[in-house]
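Counting convention: from 1, in listed order, for ligands and their atoms alike.
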Amino acid sequence: PSRLLLQVRVAQVTPDHLLLLAEDLTQARRLEAIRRDFVVNVSHELKTPVGALSLLAETVQDAADDPEAVRRFSGRMRAEAGRLSALVHEIIELSRLQVAGALEDVETVEVDDVVAEAVDRARTAADAKSIRVAVAGDRGITVFGDHNLLVTAVRNLLDNAVAYSPEGTRVGVGVQARGDLVEIAVVDEGVGIAAADQDRVFERFYRVDPARSRDTGGTGLGLSIVKHVAADHGGDVSVWSQPGRGSTFTLRLPVAAPAPGTQPSAPPTP
Ligand code: ADP
């Protein structure tokens with residue numbers, strides 16, 4: 001249960017008046033706790049790749065006269081450095097979202113452009129696994145928001161769909177106007193997520209299978225970034241999944257203008 005935390009100060013005392021000022025510190029304390037947790041988690045997460053890098057560097061040094069071993073271990077160092085760099089990038093992105101809360105650059109954004117750009121960026125990973133990405137649904141829908149953040153959100157969902165699916169499967173992106181909302185659904189035929197994990201996957205650094213996530217270069221921050229981006233746009237993200245069959249992640253955002261031919265969910269007031 002959350003308790004209200006008030007800081008009360010005596011602001012003015014006169015013979016017949018006492019003026020007290022009360023400030024609500026509840027939100028400030030909550031943010032402080034989130035930040036403290038985050039720092040603890042981040043330090044823990046950074047230790048793994050840094051530790052691996054220093055161990056690998058030592059191994060390379062010891063194997064200096066074995067070119068094949070040097071080649072192999074420096075390849076692993078590059079992969080580890082890449083993971084570290086992705087992690088740092090996502091930590092910065094997430095802490096910016098956590099601190100700023102509201103959006104800075106709000107403009108009218110074309111959902112089609114967001115989806116096309118996200119699909120384009122996920123293409124390399126999809127091609128490497130012979131996964132075909134198809135886009136379908138309503139076109140010409142706009143939302144108010146930050147174009148780059150929205151691309152990041154859809155791309156994170158696509159990257160996951162590819163990472164947690166077997167080779168040769170299909171990934172779909174469906175765009176659908178529903179009154180004053182637009183739904184962007186990313187559908188995969190991958191490993192799926194058990195019911196007990198479905199809520200938790202949006203938490204920072206939560207992974208269903210840490211070893212698998214590490215193999216795919218995951219940081220455990222992708223979905224938590226998606227959740228923040230959705231909330232900052234006045235929307236949300238949810239998951240529907242069947243283990244062994246696949247998952248559907250749906251990003252729901254308020255539209256800037258309802259698409260022609262769709263009914264707004266509430267009639268406009270005169
Ligand atoms: P990660 O970097 O580990 O992918 P995310 O925050 O993006 O971190 O996702 C958290 C966890 O949720 C993943 O580790 C994975 O276990 C699970 N997950 C996310 N997307 C999918 C998906 N499309 N199919 C199956 N599991 C998924």
Sequence neighbours excluded and cut-off under 3.5 Å, please list the side-chain donor-acceptor pairs for residues 189-196, or say none.
| residue | atom | partner | partner atom | Å |
| --- | --- | --- | --- | --- |
| Glu189 | OE1 | Arg170 | N | 3.0 |
| Glu189 | OE2 | Arg170 | NE | 3.3 |
| Glu189 | OE2 | Arg170 | NH2 | 2.8 |

When you check the side-chain N and O atoms of His147 and Glu117, is any donor under 3.5 Å from an acceptor? yes
Give me the atom names and distance for the closest heavy-atom approach of Asp197 to Tyr206. OD1-OH, 2.5 Å
Could you verify whether a donor N or O on one side chain and an acceptor N or O on the other, from Gln176 and Arg178, lie under 3.5 Å apart? yes
Other residues, nucleotides and ligands only: do more than 12 of their heavy atoms fall within 6.0 Å of CZ on Arg72? yes
Tell me the residues surrounding ligand 1, counting only those with a heavy atom closer than 4.0 angstrom, sorted by chain and number. Asn160, Ala161, Tyr164, Asp188, Val191, Gly192, Ile193, Val201, Tyr206, Arg207, Val208, Ser213, Gly218, Thr219, Gly220, Leu221, Gly222, Leu223, Ser247, Phe249
Criterion side chain to side chain contact (heavy atoms under 4.5 Å, CB included) against Phe205, the qualifying member of Asn41, Asp37, Thr219: Asn41
